[in-house]
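Read the structure below first, then the notes.
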Amino acid sequence: MEQTMKILQILAPGQVEWREAPLPVPAAGEALVRIEAVTTCPHWDLHLMSGEPMFAGGTLEYPYTAGQPGHEAMGTVVAVGPGVTSLTSGARVAAWRDQGHHRPGAYARFATFLEDNLLPLPAGLASERVTSLELAMCVQVSFDQLGQIDAVKGKRFGVAGLGPAGLVAVQLAKAGGAREVVAFDPLPARRELARSLGADLVLDPTGDGLPPGRGAATALDAALDCTGLKTSIEYLMDRTRQAVAIFGVLREVVGFGPGHWPGLTLMGYLPHNRGAAERALAQIVAGRLDLACLSTHALPLSRYAEGVELLRRKEAIKVRFQPWVE
């Protein structure tokens with residue numbers, strides 16, 4: 001095996017380098033993976049390339065950790081460290097959890113992962129169908145929460161924000177037995193994609209397609225916000241009877257007042273977990289969750305900056321990077 005590889009590093013806002021680096025060696029409890037594909041996490045990519053912290057009150061230091069923020073990745077195990085028992089060389093795997101931004105990421109040709117952060121893949125599962133498993137796991141966590149209060153099956157379910165997470169949410173709502181899925185986004189192309197993925201009704205939230213009123217016949221039973229925006233969350237709260245769950249990164253104070261109580265539950269977000277990843281993978285294998293459609297563009301990883309600009313202009317939903325394509 002070669003002793004060097006290529007890895008991406010964000011040196012400063014808007015400045016990236018695709019450079020040579022030593023081949024990683026897996027430590028105890030780790031596996032070395034040859035990365036076949038890695039997809040953007042648009043909010044992370046856009047914030048890092050703009051020099052803006054992802055979370056309110058956060059800070060950024062550059063050069064950023066090499067290979068980061070790449071974490072939605074799949075590939076083949078080529079070596080394992082001491083103590084690894086569930087993985088062997090040659091196993092095809094997908095990362096189900098972001099390992100944190102303190103260690104090299106998967107915007108690279110090879111990356112090391114903690115054993116527990118990888119899920120083995122069924123034979124024949126194409127890379128584009130599973131590269132974004134980590135995102136699917138994240139959204140599944142919200143559906144697990146909503147399922148605990150019986151807020152999906154048989155319900156009129158709303159999804160606000162039809163970026164990658166929202167498009168996953170539309171599909172998981174249908175897979176979870178929602179009676180009707182209503183999807184909201186101001187961009188017509190994203191509304192139409194949601195419709196093709198099973199949304200029963202697609203609406204522009206800036207219009208008057210769904211008037212406010214939690215007791216009205218048009219009201220939603222439950223909803224998931226995938227934007228994190230105050231206006232979007234309050235829009236749902238004004239139109240939802242049982243529960244609104246927040247998936248998007250919240251940066252503003254949301255007004256939850258007498259007009260929403262009693263009866264409405266506003267839900268935060270619980271920790272990521274392997275069980276949610278396994279449930280999401282099962283939906284992919286069963287054909288009820290299509291992740292391939294999220295990656296509207298495929299580019300060599302050396303063209304990372306170009307991919308981020310596609311995201312910035314909203315011309316791409318996600319970009320699937322191919323580290324081994326020149």
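All residue numbers refer to positions in the sequence shown, counting from 1.
- Looking at heavy atoms from C-beta onward, Pro69 lies in side-chain contact with Leu48 at the 4.5 angstrom threshold.
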- Query: Would Met49 and Ile10 count as a side chain to side chain contact (heavy atoms under 4.5 Å, CB included) if you check the C-alpha gap in whole Å, the side-chain angles of each, and the deciding distance to 0.1 Å?
  - Reply: CA-CA 7 Å; Met49 285 291 277; Ile10 301 176; 4.2 Å; yes

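- The NZ atom of Lys155 lies 5.0 Å from the CG atom of Asp150; values are rounded to the nearest 0.5 Å.
- Taking every heavy atom of both residues into account, Pro164 and Leu135 meet most closely at CB-CD2, 3.6 Å.
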- Item | Verdict with reasoning, Val33 to Thr112, per side chain to side chain contact (heavy atoms under 4.5 Å, CB included) | CA-CA 6 Å; Val33 177; Thr112 57; over 6 Å; no

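- Taking OH of Tyr62 as the start and CG of Leu11 as the end, the distance is 10.5 Å to the nearest 0.5 Å.
- With 3.5 Å as the limit, one finds no donor-acceptor pair spanning the side chains of Gln171 and Arg288.
- For the pair His47/Ser50, no side-chain contact is recorded, criterion being any heavy-atom separation below 4.5 Å from C-beta on.
- Across all their heavy atoms, His297 and Ala316 have their closest contact at ND1-CB, 3.4 Å.
- Donor-acceptor pairing under 3.5 Å is lacking for the side chains of Asp144 and Gln148.
- With Leu264 as reference, Val244 is the one residue of Asp238, Val244, Leu236 to meet the side chain to side chain contact (heavy atoms under 4.5 Å, CB included) rule.
- When the side chains of ILVMFWY residues are joined at heavy-atom separations under 4.5 Å, either directly or via intervening members, Ile317 and Ile284 end up in a single hydrophobic cluster.
- Judged by distance alone, the side chain of Asp200 and the main-chain N or O of Val181 form a donor-acceptor pair under 3.5 Å.
- Between the side chain of Glu72 and the backbone N or O of Cys41, no donor-acceptor pair lies under 3.5 Å.
- A single hydrophobic cluster is seen to contain both Met137 and Val139, as judged by linkage of ILVMFWY side chains at heavy-atom distances under 4.5 Å, directly or through other members.
- Side-chain contact between Ser295 and Val319 is absent, with no heavy-atom pair separated by less than 4.5 Å.
- Note on Leu229 and Leu167: separate hydrophobic clusters, where clusters join Ile, Leu, Val, Met, Phe, Trp and Tyr whose side-chain heavy atoms are under 4.5 Å apart, directly or indirectly.
- Residues Leu310 and Leu299 form a side-chain contact, since some pair of their non-hydrogen atoms from C-beta on lies under 4.5 Å apart.
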- Query: Given the rule in the side chain to side chain contact (heavy atoms under 4.5 Å, CB included) test, do His71 and Trp44 qualify, once you have shown the distances and angles that lead to the verdict?
  - Reply: CA-CA 10 Å; His71 58 272; Trp44 270 117; 4.0 Å; yes

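- In the hydrophobic cluster analysis, where Ile, Leu, Val, Met, Phe, Trp and Tyr join through side-chain heavy atoms closer than 4.5 angstrom, Ile233 is grouped apart from Ile149.
- Between atom CD of residue Gln99 and atom CG of residue Leu114 there is a gap of 5.0 Å, rounded to the nearest 0.5 Å.
- Of all heavy-atom pairs spanning Thr227 and Gly161, the tightest one is CG2-CA, 3.6 Å.
- The shortest distance between side-chain heavy atoms of Leu119 and Val93 does not fall below 4.5 Å.
- The main-chain N or O of Val253 is found under 3.5 Å from a side-chain atom of Lys230 such that the two form a donor-acceptor pair.
- Side chain of Thr65 to main chain of His101: a donor-acceptor pair is present (N/O by atom type, distance under 3.5 Å, no hydrogens or angles).
- Side-chain N/O atoms of Ser132 and Arg320 include no donor and acceptor closer than 3.5 Å.
- Here the OG1 atom belonging to Thr4 is positioned 8.0 Å from the CG atom belonging to Leu23, to the nearest 0.5 angstrom.
- Relative orientation of the Trp324 and Phe110 rings is perpendicular, given thresholds of 30° and 60° on the angle between their planes.
- Atoms CD1 and OG1, from Ile35 and Thr76 in turn, are 9.0 Å apart once rounded to the nearest 0.5 Å.
- The CG atom of Asp185 sits 8.0 Å away from atom CG of Asp204, with the distance rounded to the nearest 0.5 Å.
- No single ILVMFWY cluster, assembled from side-chain heavy atoms under 4.5 Å apart, contains both Phe247 and Leu250.
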- Item | Test side chain to side chain contact (heavy atoms under 4.5 Å, CB included) applied to Thr88 and Val77, step by step | CA-CA 7 Å; Thr88 58; Val77 174; over 6 Å; no

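- With respect to the salt-bridge test (charged N to carboxylate O, under 4.0 angstrom), the residues Asp221 and Arg241 qualify.
- Ring geometry, Tyr269 versus His272: the interplanar angle exceeds 60°, so the pair is classed perpendicular (tilted spans 30 to 60°).
- Gln15 places no side-chain N or O within donor-acceptor distance of the main-chain N or O of Ala12, the cut-off being under 3.5 Å.
- We find that Asp116 and Arg97 are joined by a salt bridge, their nearest charged nitrogen and carboxylate oxygen being less than 4.0 Å apart.
- Not one N or O on the side chain of Gln242 forms a donor-acceptor pair closer than 3.5 Å with the backbone of Ala222.
- When every heavy atom of Arg239 is checked against every heavy atom of Pro212, the shortest pair comes out as NH2-CD, 3.3 Å.
- Closest approach of Leu8 to Leu301, counting heavy atoms only: CD1-O, 4.0 Å.
- Proximity of Val249 to Met54: side-chain heavy atoms (C-beta onward) are separated by under 4.5 Å at one or more points.
- Relative ring orientation between Tyr107 and Phe321 is described as perpendicular, the plane-to-plane angle rising above 60° on a 0-90° scale split at 30° and 60°.
- Proximity of Trp96 to Asn117: side-chain heavy atoms (C-beta onward) are separated by under 4.5 Å at one or more points.
- Gln140 places no side-chain N or O within donor-acceptor distance of the main-chain N or O of Ala277, the cut-off being under 3.5 Å.
- A donor-acceptor contact shorter than 3.5 Å is absent between the side chain of Thr240 and the backbone of Leu220.
- Glu234 contributes a side-chain N or O that, together with a main-chain N or O of Gly255, makes up a donor-acceptor pair within less than 3.5 Å.
- A salt bridge links Glu30 to Arg103: one of the charged nitrogens lies within less than 4.0 Å of a carboxylate oxygen.
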- Begin from the C-alpha positions of Tyr304 and Asp45 and carry the test side chain to side chain donor-acceptor pair (under 3.5 Å) through to its verdict. CA-CA 10 Å; Tyr304 174 78; Asp45 294 284; 2.5 Å; yes

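- For Glu192, the salt bridge (charged side-chain N to carboxylate O under 4.0 Å, His left out) partners at least two apart in sequence or on another chain are Arg195.
- Between Asp98 and Gly100, the shortest heavy-atom distance links the atoms OD1-N, 2.9 Å.
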- Task: May I have the step-by-step check of ring-ring contact (aromatic ring centres under 6.0 Å, His included) for Phe157 and Phe143, ending in yes or no?
- Result: CA-CA 11 Å; Phe157 193 91; Phe143 276 88; 5.4 Å; yes

- Message: Quick one, Glu326 with Arg109, criterion salt bridge (charged side-chain N to carboxylate O under 4.0 Å, His left out). Give me CA distance, side-chain angles, the key distance, then yes/no.
- Response: CA-CA 12 Å; Glu326 295 292 348; Arg109 288 183 169 171; 2.7 Å; yes

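- A donor-acceptor contact closer than 3.5 angstrom links the side chains of Ser86 and Glu115.
- For the pair Lys318 (side chain) and Thr40 (backbone), a donor-acceptor distance under 3.5 Å is present.
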